[in-house]
Asks: 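Got a structure here, written out as structure tokens. Questions coming.
Just so we're on the same page: letters track the sequence lines, and every chain starts at 1. For clarity, every value in this text was computed on a predicted model and none was experimentally measured. These numbers come from the heavy atoms of this one structure, side chains and all, not from hydrogens, waters or symmetry mates.
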Number of protein chains: 2
Amino acid sequence: MNADWLQQVFEKESQESAYRTGDFIFRLGDAPRYLYLVVSGEARAQRYSPDGAEIVMQRARTGELFAEAGMVAPRYSCEGYCTQPARILLIPFDKLRARIQSDGEFALRFSQFLTLSLRRQCARYERLRLKRASDRVLHYLNCELTGLAGADLELDIPLADWADDLGLEPETLYRTLAALEKQKLIRREARGRRIHLVGAGQACGT
Amino acid sequence: MNADWLQQVFEKESQESAYRTGDFIFRLGDAPRYLYLVVSGEARAQRYSPDGAEIVMQRARTGELFAEAGMVAPRYSCEGYCTQPARILLIPFDKLRARIQSDGEFALRFSQFLTLSLRRQCARYERLRLKRASDRVLHYLNCELTGLAGADLELDIPLADWADDLGLEPETLYRTLAALEKQKLIRREARGRRIHLVGAGQACGT
DNA sequence: CGTCGCATTGATATCGCTCAAATCCGGTGG
DNA sequence: CCACCGGATTTGAGCGATATCAATGCGACG
């Protein structure tokens, strides 16, 4: 179950907005009105520490919910903006609430969707608790290959973005991949765009 | 909204089990039957990579859901066990589903609960993307102090566990705290059990 | 009083970050 | 078709932060 389903349900009742890099989606103190679903691009929520340092609270990419906590808070305590040109679906909270309360089937689906989002976030967290770069990469490959029946992983994101997700520098990720290939734990094809995890292919949902 | 609410709703329809360290909660391949809510202790879900290395998929502590992905998967692709003596509430999925579908108010509450869980997990992830230990500690303090109106943070967990959450070694966390105190960014009281974030106190939910 | 777990401190090794530069590649315009 | 440009990838060298290993302190508790 991916986000397309949610998108279709609210096609009529919500609007899709286009944002440019740096555009604000909401600001500190705003009253939350929408659940945001990132259709493409990347959105980010951040607040500032007392000394002015940026504190990233959330990053959301294609197919992910954004600022979902607005559903339970009266005010945003952070600001939301785009780090890349993005298209975002704005689902009005009142419509969403009404739907959850009145449509049992939808409520179940939505809960399951949240559950999957939670699972993914959880895996990301556990991944970054690993200290060695190679462990993080392996964890990632193991997870992303879920259900792909041993298929290769097609990378649709630049190396730099991937590194960012893994909490590594691009150079480190590159060197790690090279090392893993030398150890024959992975095979890279198509100029590094496709990665084959040697002797792998288990699912990894809970 | 904390987990107590969920616990109360299912008091009658679910059982609370006690586990010892190392006890299995479910095994690889089992058909998911319960949503687990950790009342105390710690539960962990893990699978194994092709070469036999453990891959932690989820850790859940007091007040957190565990193996919630079972709600959408026909089989567990990992095993769940306890790393500490734990009490866990077993909420039957069929009862939960029925409730979500039939009780709109509950469905909304449950969605909000999942939403908050997602928010927390998200913050943890972003925290570990920070590379410097001091940044992780500061991010943690900023987040945990949410809504406490500038209150101090009472630590109810051992230093080692906290370090684990932050993806650091206990020694590193200790030294980092000492350094932060020397820089007067935090103050420690009560033998390190209480921490005051100097000049802080903003909320940090999205 | 002894010991057990956890906090604290020190010394060293290691890994990933940083800065710098070369290379590759796709796209663009002549 | 070819030369050129810009961004991403690749490679190198050195440094710094954190992990690791080791040891000590210290309070709770039997």
Asks: Nearest whole Å is fine: how far is C/dG16 C1' from B/Arg132 CZ?
Replies: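 From B/Arg132 CZ to C/dG16 C1': 15 Å.
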Asks: When you measure from the side chain of A/Asp164 to the backbone of A/Ala160, do you find a donor-acceptor pair of N or O atoms at a distance under 3.5 Å?
Replies: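 No; zero donor-acceptor contacts below 3.5 Å.
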Asks: From the options C/dC17, C/dG10, C/dA7, select the nucleotide whose nearest atom is closest to the side chain of B/Arg175.
Replies: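 Closest nucleotide among those given: C/dG10.
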Asks: Taking CG from B/Leu177 and P from C/dT9, how many angstroms apart are they, rounded to a whole number?
Replies: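 Rounding to the nearest Å, CG of B/Leu177 and P of C/dT9 are 12 Å apart.
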Asks: Can you tell whether the side chains of A/Asp30 and A/Arg27 come within less than 4.0 Å, N to carboxylate O?
Replies: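 Salt bridge: no.
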Asks: For A/Pro158 and for A/Lys131, locate the closest nucleotide of DNA chain D by heavy-atom distance; then report the residue assigned to the nucleotide nearer the 5' terminus.
Replies: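 The residue whose closest nucleotide sits nearer the 5' end is A/Pro158.
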Asks: Please report the distance, rounded to the nearest Å, between CG in B/Asp135 and C1' in C/dC17.
Replies: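 To the nearest whole Å, that distance equals 14 Å.
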Asks: Starting at CZ of A/Arg136 and ending at P of C/dC15, how long is that distance when rounded to a whole Å?
Replies: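 That distance rounds to 14 Å.
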Asks: Atom CD of B/Glu169 to atom P of C/dC15: distance rounded to whole Å?
Replies: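 Spelled out: CD on B/Glu169 to P on C/dC15 is 14 Å.
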Asks: Among side-chain atoms of A/Arg109 and A/Gln112, is any donor-acceptor pair under 3.5 angstrom?
Replies: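 The answer is no; no qualifying pair exists.
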Asks: CG of B/Leu173 versus P of C/dA7: gap in Å, rounded?
Replies: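 It works out to 10 Å between those atoms.
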Asks: Measure from CD on B/Gln84 to C1' on C/dG5 and round the result to the nearest Å.
Replies: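 My rounded result for the distance is 14 Å.
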Asks: Can you tell me if A/Tyr19 and A/Gln84 form a side-chain donor-acceptor pair at under 3.5 Å?
Replies: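 There is no such pair between these side chains.
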Asks: Under 6.0 Å from the six-membered ring centre of A/Tyr125 and within 45° of its axis: does the NZ or CZ of A/Arg136 meet both?
Replies: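 Cation-pi check for A/Arg136 and A/Tyr125: fails.
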Asks: Between B/Gln58 (side chain only) and B/Ala67 (backbone N and O only), is there a donor and an acceptor less than 3.5 Å apart?
Replies: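 Such a contact is found between B/Gln58 side chain and B/Ala67 backbone.
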Asks: Where does the chain A footprint on DNA chain D start and end, counting 5' to 3' with a 4.0 Å heavy-atom cut-off?
Replies: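 Listing 5' to 3', DNA chain D meets chain A from D/dT9 to D/dA19.
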Asks: Of A/Ala133 and B/Ala178, whose nearest nucleotide on DNA chain C comes first from the 5' end?
Replies: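 Looking at the nearest nucleotide for each, B/Ala178 comes out on the 5' side.
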Asks: Once you round it to whole Å, what is the distance between P of C/dT23 and CD of A/Glu171?
Replies: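 These atoms are roughly 17 Å apart.
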Asks: Establish, yes or no, whether the cationic atom of B/Arg119 lies under 6.0 Å from the six-membered ring centre of A/Phe66 and within 45° of the ring axis.
Replies: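 Pair B/Arg119/A/Phe66 does not count as cation-pi.
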